[in-house]
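See below for the structure under consideration.
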Amino acid sequence: MSLLSIRMFQFSSLSKLISSVLRISAWAFLVMGLVLGMAWAALHFWIVPRIEDFRPKLESLASQTIGVPVQMGKLVAVSSGWVPTFEIHDLTLLDPDGRRALTLPKIVFAISARSILDLGVEQLVIDSPTLDIRRTADGEWLIAGLAIKNNDKRDSPAIDWIFSQREIVIQHGTVIWTDDLKASQKDSASLNLSDVSWVLRNSARHHLWRLDAAPPAGWGDRFVLMGDLRRNLLSTNPGRFKDWSGQVHAQFPDVELAQLSPHLPWKVNAAQGKGALRIWVDLNNGIVQQTTADLFLENAKGQLGDELQALSFKNIAGRVSFKPLSNGFDFSTEGLRFDTTDGLHWPGGNVK
């Protein structure tokens, strides 16, 4: 066989292979299109007009997905566009004893053919919720009185479901946060936040969120918390915090440091201080690696450790960083300048 014949044979075989791949791909896209088309038709012409009839089944499905009993007061369709929108009125989560642990007056959600196949929603909007969140002295999380397990042995279906949805929006909410793990000897570190808005966007392994809230009276102005976090490749649970790495950022344009200090992720005891504060917390697999803060404070007084003397400042500005270590901590500054109450003037510099 001549060299030309061999090359023609190889070209013919390659052409047949490419042709077969194209035909298979075309049939696959056609079948996928038919499946999505049938799902879209079922959504608009069967589910939307009869959505109230599906309420018992949706309650059962939501209970299985979230892991707690769910009741819906009323379910109505408010839009029949390309992506239908629905409203749930008086959605209630029940505790193990059948008591109401959480009631949400109004929830608006949009679904698509894709979200139905994933047992999720395209967008979820929750209006005017009141949520009680507590971390006990044993490190257990309680949300609306319900224990949320989030460890390697047992994960929370509710948290996994939340962090697998494309977008969740909370507006005009109230959050009551109590941290018994950081409680002082006299009282618990409770914090009431009002006019809370929270936007969460999730992709396959990426979680972006922003929270705006008004603190209690005497704390200062409205503040912002933002998160940009990714899960590791081996993670199979979207809501498993131990698998997350990235950064959490907080902005406090006007804050009373004495009020904020018990809730900061470092061991600094701030007795007083008023001004602006920005904080970055770096996480690796759920563990704090470093905390960095840009600050501009007046009449500040703080203590870096129980064994160290308290420091008092007329004013202090610059960047400070705190890194926990196995046998202590690492504290450093960058461009820090201050005036102490006893007359010491530091024009600016770095300390570690």
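Every residue meeting the side-chain contact (heavy atoms from CB on, under 4.5 Å) condition with Asp228, not counting sequence neighbours, appears here in chain and number order: His206, Leu208. Under the side-chain contact (heavy atoms from CB on, under 4.5 Å) criterion, Ser197 pairs with Asp212, Arg222, sequence neighbours left out. Shown here are the side-chain contact (heavy atoms from CB on, under 4.5 Å) partners of Glu87, two or more places apart in sequence or in another chain: Val76, Val78, His89, Lys106, Val108. The side-chain hydrogen bond (donor to acceptor under 3.5 Å, both in side chains) search around Lys274 returns Asp254, not counting sequence neighbours. For Arg201, the side-chain hydrogen bond (donor to acceptor under 3.5 Å, both in side chains) partners at least two apart in sequence or on another chain are Glu167. Residues satisfying the side-chain contact (heavy atoms from CB on, under 4.5 Å) test with Thr340, not counting sequence neighbours, are Phe313, Phe338, Asp342, Leu344. The ring-ring contact (aromatic ring centres under 6.0 Å, His included) check on Phe109 picks up Phe86, with sequence neighbours excluded. Qualifying side-chain hydrogen bond (donor to acceptor under 3.5 Å, both in side chains) partners for Asp282, counting only residues two or more places apart in sequence or in other chains: Gln247. The side-chain hydrogen bond (donor to acceptor under 3.5 Å, both in side chains) test applied to Gln71 returns no partner, not counting sequence neighbours.
Think of Ile287 as one node in a network of Ile, Leu, Val, Met, Phe, Trp and Tyr side chains linked at under 4.5 Å; it has no links at all.
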For residues 326-337, tabulate all N or O donor-acceptor pairs below 3.5 Å that involve a side-chain atom, not counting sequence neighbours.
from, atom 1, to, atom 2, distance (Å)
Thr333, OG1, Val351, N, 2.9

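In this pair, His207 and Phe163 present their aromatic rings perpendicular. The plane angle is above 60°, beyond the 30 to 60° band.
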